[in-house]
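What follows is a set of notes on a single structure, which appears directly below.
Sequence positions, counted from 1, serve as the residue numbers for this chain. Order of appearance sets the numbers: ligands from 1, and atoms from 1 within every ligand.
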Amino acid sequence: MSRLVVVSNRVPSPHSEFRGTEGGLAIAIRDALEENGGIWFGWSGNITKSPLDQPDVVEIGKTTYATVDLSEQDYNEYYSGYANSVLWPLFHYRLDLTDFSRRDMAGYMNVNAAFATQLQSLLREDDVIWVHDYHFIPLCGYLRQAGCRNKIGFFLHIPWPPEELLLTLPNHESLVREMCTYDLIGFQTERDLSAFLGYVRKETNGKVRANGVVKAFGRKTLTGVFPISIDTAKVSELAEKADSRPRKPDLVEGVPKAKMIIGVDRLDYTKGLLERLEAYGHLLNSHTECQRNVVFVQIAPPSRSDLDSYQLISQQVESAVGHINGSFADFDWSPVRYLNRGFKRQTLLGFLRLSQVGLVTPLRDGMNLVAKEYVAAQSSEDPGVLVLSRFAGAAQELSGAILVNPYDIEGVSDALARALIMPLDERRERWEVMMKRLRQFDIVAWRESYLQALQGVMDAA
Ligand code: ADQ
């Protein structure tokens with residue numbers, strides 16, 4: 001059996017206890033390598049004066065962790081610059097926040113070239129390489145230039161933007177050309193895939209076959225939809241354990257009968273935190289019976305805090321929380337609890353289980369694993385209600401949620417009011433439908449369906 005080589009921007013330290021503060025990507029691929037063995041390759045998270053030109057290699061069990069440091073210049077240009085100030089905002093439809101420069105684009109290409117050289121030194125002939133996310137779109141092209149013949153797949157965790165948006169990127173064509181060097185490109189949803197195919201048809205004169213094979217730039221590439229999921233059984237188990245601990249997290253202290261609404265997100269402008277807070281404020285004004293009887297817990301650990309756009313959203317969220325608490329709080333009730341930090345996985349899942357409403361309202365999101373975790377964390381006897389943005393990839397699958405438009409403040413407020421008083425029968429019915437889907441399509445099914453498709457490309461080659 002071929003070895004699996006996973007490439008992702010961050011490789012968590014194999015020694016440190018996973019505290020759940022990393023993004024969904026790290027959580028999703030954590031176990032993938034432990035089963036059959038292989039390499040997890042990427043950035044160490046360290047910035048050093050003169051990075052080595054060999055990866056740091058640690059072997060634990062069947063997995064080899066191979067990490068590379070970045071110089072400050074690489075970090076600024078590749079990571080903060082092109083990846084997180086161009087691709088991230090643009091792919092989340094935030095053209096207004098993009099900050100393109102040729103210097104950052106060149107830095108992005110240089111880091112991809114250097115990573116390809118270092119990865120090449122670790123590869124065996126029959127390794128299967130699975131590259132993750134927008135940081136590494138050109139990696140395959142550089143590996144090919146260096147003579148690598150292995151099968152290489154790419155999975156995009158974030159949305160792919162519609163053609164008209166992508167055209168605003170000065171190097172849009174070369175980026176799509178790089179995508180087409182992969183043997184398999186996986187997207188989260190049909191919407192992302194069809195946006196990509198639309199560009200290929202219109203802008204490159206490429207051909208798209210019914211089986212998802214794209215012929216463009218003189219190459220053939222298989223494309224497909226692989227919605228990422230969670231370890232459903234494990235999430236349910238951990239949440240149940242957290243719930244049965246003698247000392248439950250006391251988030252609604254002082255108001256024992258209060259119902260809890262929960263939001264869990266990295267502190268990111270794509271997650272719709274300001275609109276969500278505004279909708280909650282509207283709920284307190286329009287449904288006065290919610291005052292003193294509802295608490296909104298927003299957990300949002302800081303993320304990419306060296307970027308201006310992230311500092312701004314952090315200040316705006318703090319001020320919006322202060323405004324709501326200032327307007328409504330009483331000596332024994334604070335309407336919003338804002339927790340600006342990470343939590344252990346089990347504690348977080350316990351919070352989700354204790355909450356009557358899961359409020360997941362990104363303005364745009366590739367998938368959103370919190371939505372899936374909220375559902376899996378509920379008790380079958382008395383499940384809570386998921387209020388979910390139609391612009392999260394998860395909305396394509398979680399049909400039992402109350403779907404909302406996060407820009408429609410009154411609509412979200414109405415959905416919250418409905419969720420808070422939804423009868424048990426309806427809550428159970430909605431939850432069952434979603435759990436059925438999550439039990440069937442969990443993280444293992446996701447990984448296997450992707451790797452089987454990549455294997456299929458290999459067999460056909
Ligand atoms: P993210 O944007 O990071 O991921 P998401 O899918 O919600 O978003 O994953 C976040 C993960 O971090 C969840 O598993 C959550 O439980 C965990 N987490 C968040 N806050 C936490 C906290 N305070 N403490 C502990 N854990 C916390 C990107 C894309 C998504 C896509 C994923 C996976 O933006 O759209 O779903 O990758 O493909």
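- Considering backbone and side-chain N/O atoms, Met367 comes within less than 3.5 Å of an N/O atom of ligand 1.
- Between Phe226 and Phe155, the gap from one ring centroid to the other reaches at least 6.0 Å.
- Below 3.5 Å of separation, one finds no N or O of Trp88 facing any N or O of ligand 1.
- For Asn84 and Tyr78, the side-chain atoms include no donor-acceptor pair closer than 3.5 Å.
- Near Gly366, the atoms of ligand 1 lying under 4.0 angstrom from a non-hydrogen atom of the residue are 35 (O).
- Of all atoms in ligand 1, listed by their number and element, those nearer than 4.0 Å to a heavy atom of Ile299 are 23 (N).
- For Arg364, no heavy-atom contact with ligand 1 is shorter than 4.0 Å.
- Within the structure, salt bridge (charged side-chain N to carboxylate O under 4.0 Å, His left out) contacts touching residues 433-444 (residues at least two apart or in different chains) are Glu397-Arg437.
- Aromatic ring orientation, Tyr134 versus Trp88: tilted (interplanar angle from 30° to 60°).
- Proximity of a side-chain donor or acceptor of Tyr182 to a complementary backbone N or O of Trp130 within less than 3.5 Å is not detected.
- When each atom of ligand 1 is checked for a heavy atom of Arg345 under 4.0 Å away, the hits are 16 (O).
- Remark: the backbone N or O of Phe441 is paired with a side-chain donor or acceptor of Ser229 at under 3.5 angstrom.
- The distance criterion of under 3.5 Å between nitrogen or oxygen atoms is met by Leu369 with respect to ligand 1.
- Between Val264 and ligand 1, no pair of N/O atoms sits closer than 3.5 Å.
- Side-chain atoms of Tyr108 and Asn171 form no donor-acceptor pair, as typed in the model, at a separation below 3.5 Å.
- The Ile228 neighbourhood of ligand 1 comprises atoms 33 (C), 38 (O), with distances under 4.0 Å to a heavy atom of that residue.
- Only the side chain of Leu348 comes within 4.0 Å of ligand 1, counting heavy atoms alone; its backbone N, CA, C and O stay farther away.
- Checking only distances, Phe343 does come within under 3.5 Å of ligand 1, N or O to N or O.
- Within 6.0 Å of the CD atom in Glu410, the count of heavy atoms belonging to other residues, nucleotides or ligands does not exceed 12.
- Of the candidates Arg266, Gln188, His157, Lys271, Lys271 brings a heavy atom nearest to atom 8 (O) of ligand 1.
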In residues 191-200, what donor-acceptor pairs under 3.5 Å come from side-chain atoms, sequence neighbours left out?
| unit_1 | atom_1 | unit_2 | atom_2 | d |
| --- | --- | --- | --- | --- |
| Asp192 | OD1 | Trp160 | N | 3.1 |
| Asp192 | OD2 | Thr189 | N | 3.3 |
| Asp192 | OD2 | Thr189 | OG1 | 2.7 |
| Ser194 | OG | Glu190 | O | 3.4 |
| Ser194 | OG | Arg191 | O | 3.4 |
| Tyr199 | OH | His172 | ND1 | 2.6 |

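- The distance from ligand 1 to the heavy atoms of Arg341 drops below 4.0 Å at these ligand atoms: 23 (N).
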